[in-house]
2 protein chains.
Amino acid sequence: MPKGTHAAKEEAATRRTLEDVRGPLRAFVKAKGLHESKIRDLIVETFLSSQEHLGLDQLLERVRAKNPGVGMATVYRTMRLLEEAGLVQTRNFNAGPTLYEMVLGRPHHDHLICTRCGLIVEFVSEPIERLQEKVAEQHGFQLMRHRHEMFGLCADCRRSGA
Amino acid sequence: MPKGTHAAKEEAATRRTLEDVRGPLRAFVKAKGLHESKIRDLIVETFLSSQEHLGLDQLLERVRAKNPGVGMATVYRTMRLLEEAGLVQTRNFNAGPTLYEMVLGRPHHDHLICTRCGLIVEFVSEPIERLQEKVAEQHGFQLMRHRHEMFGLCADCRRSGA
DNA sequence: TTAGTTGCAAATATTTTGCACCCTT
DNA sequence: AAGGGTGCAAAATATTTGCAACTAA
């Protein structure tokens, strides 16, 4: 699959702005005794204005369009901070770079991924969620998180003959 | 989690021998016009006699105990061949090295992973499998494969206070 | 001023590839 | 003989870290 193919085809999701994130992020930063910074805000803002499931190489590219001096390490450090703060989560659908997804104020969901065009569709299935708990219980596990990814051909790709 | 911790704790699974694998592997090798080799057999045999969900660094270590001259590249090449032949599958539970799992003659299953001790438990839930199909259908997807991983604390780790 | 933040380069970690030489067919 | 298999080193990919200079508190 060509790099970045999925970007344009991805389904729209509710978008949060820097304002939505600023509160929780500030609280986390303060609690850890860290400082605030303009570059961090720029990275967060750029991430929020991009499509979901973004790789950090693409994010850096977008950040540099506004401030060419920003380094890759800072992007990694910033996203790791957001992850520690529980505002974003990482996804690894295929091999290759880890993708980041905003989770603040969004309900849990899992993913359907088209192996041909890269389309990513989010889904929630309450029955599956409940059955998971049951399975975990049967094995004595206390469930903390899960990852449920289904790969196949999306409707468009099925039509256009894969 | 300490490297390799999960190895000893992993649940036993039906073990296949080189004899089980030799037939399908030979057929695949012949169909692709490849040659056979002793080192390949040694790697396959060593993989089969190890626990499930093995990383290639650990596999190389075990292979070198029998033949110190073997190189890492050959281990990668051999396991990639097995994967192309549909005999093994890769798993990526956490970050870090990809783990390999034999699938020949084994029914599909998913995984429960203990985030504290690394225990890996395999499970199958027919109801979940069926619901997955339904979800895929609702979104117009033709499902080809899926990955369902649940992370939490196993019974032992819950008892010993995590 | 104290301590976190940043860019850059170097280091890690994982996996792949080029190439000369060896082994199968 | 022809062509795949192997080890080694180098490359490629993804991510992290050391460090000196910069900036927030």
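Chain A is the first sequence line, chain B the second, and so forth, proteins listed ahead of strands; every chain is numbered from 1. We use all heavy atoms of the structure for the numbers below, so side chains are in, but hydrogens, waters and symmetry mates are not. Note that the structure is predicted; figures quoted are calculated from it, not measured.
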**OP:** Please list, chain by chain and in numerical order, all residues satisfying side-chain hydrogen bond (donor to acceptor under 3.5 Å, both in side chains) with B:Gln89, sequence neighbours excluded.
**Re:** B:Arg91

Original post:
Taking OP1 and OP2 of C:dT5, is either one under 4.0 Å from a side-chain nitrogen or oxygen of A:Arg40?
Top reply: yes

Original post:
What are the two closest heavy atoms between A:Leu87 and A:Met102, and how far apart are they?
Top reply: O-SD, 3.2 Å

Original post:
Atom CG of B:Leu56 and atom C1' of C:dT15: how far apart are they, to the nearest Å?
Top reply: 9 Å

Original post:
If you measure from NE2 on B:His109 to CD on B:Glu129, what distance do you get to the nearest 0.5 Å?
Top reply: 11.0 Å

Subject >> Nearest-angstrom distance from the residue atom CE of A:Met79 to P of C:dT6 >> reply: 14 Å

**OP:** Rounded to the nearest angstrom, tell me the gap between atom CD1 in A:Ile39 and atom C1' in C:dT5.
**Re:** 8 Å

Original post:
Where does the angle between the aromatic ring planes of A:His148 and B:His148 fall among parallel (under 30°), tilted (30 to 60°) and perpendicular (over 60°)?
Top reply: parallel

Subject >> Whole angstrom value for the distance that separates C1' of C:dT6 from OH of A:Tyr76 >> reply: 17 Å

Original post:
Just wondering, are more than 12 heavy atoms of other shown residues or ligands nearer than 6.0 Å to NZ in A:Lys134?
Top reply: no

**OP:** Identify, between B:Tyr100 and A:Gly71, the residue whose nearest nucleotide on DNA chain C lies closer to the 5' end.
**Re:** A:Gly71

Original post:
Could you give the distance from CG (A:Leu119) to NE2 (A:His111), rounded to the nearest 0.5 Å?
Top reply: 11.0 Å

Original post:
Donor-acceptor pair, B:His146 side chain versus B:Met144 backbone, under 3.5 Å?
Top reply: no

Original post:
Under a criterion of less than 4.0 angstrom to any heavy atom of chain B, what are the 5'-terminal and 3'-terminal contacting nucleotides of DNA chain D?
Top reply: D:dG3 to D:dC8

Original post:
Should B:Leu143 and B:Glu133 count as side-chain neighbours, where that means a heavy-atom distance under 4.5 Å?
Top reply: yes

**OP:** Provide, to the nearest angstrom, the distance between the CG atom belonging to A:Leu81 and the P atom belonging to C:dT5.
**Re:** 8 Å

Original post:
Hey, can you pull the residues of residues 20-38 of chain A with a non-hydrogen atom under 4.0 angstrom from DNA chain D?
Top reply: A:His35, A:Glu36, A:Lys38

**OP:** Calculate the interatomic distance between B:Leu59 atom CG and C:dT14 atom C1'; express it in whole Å.
**Re:** 15 Å

**OP:** Could you verify whether a donor N or O on one side chain and an acceptor N or O on the other, from B:Thr74 and B:Arg40, lie under 3.5 Å apart?
**Re:** no

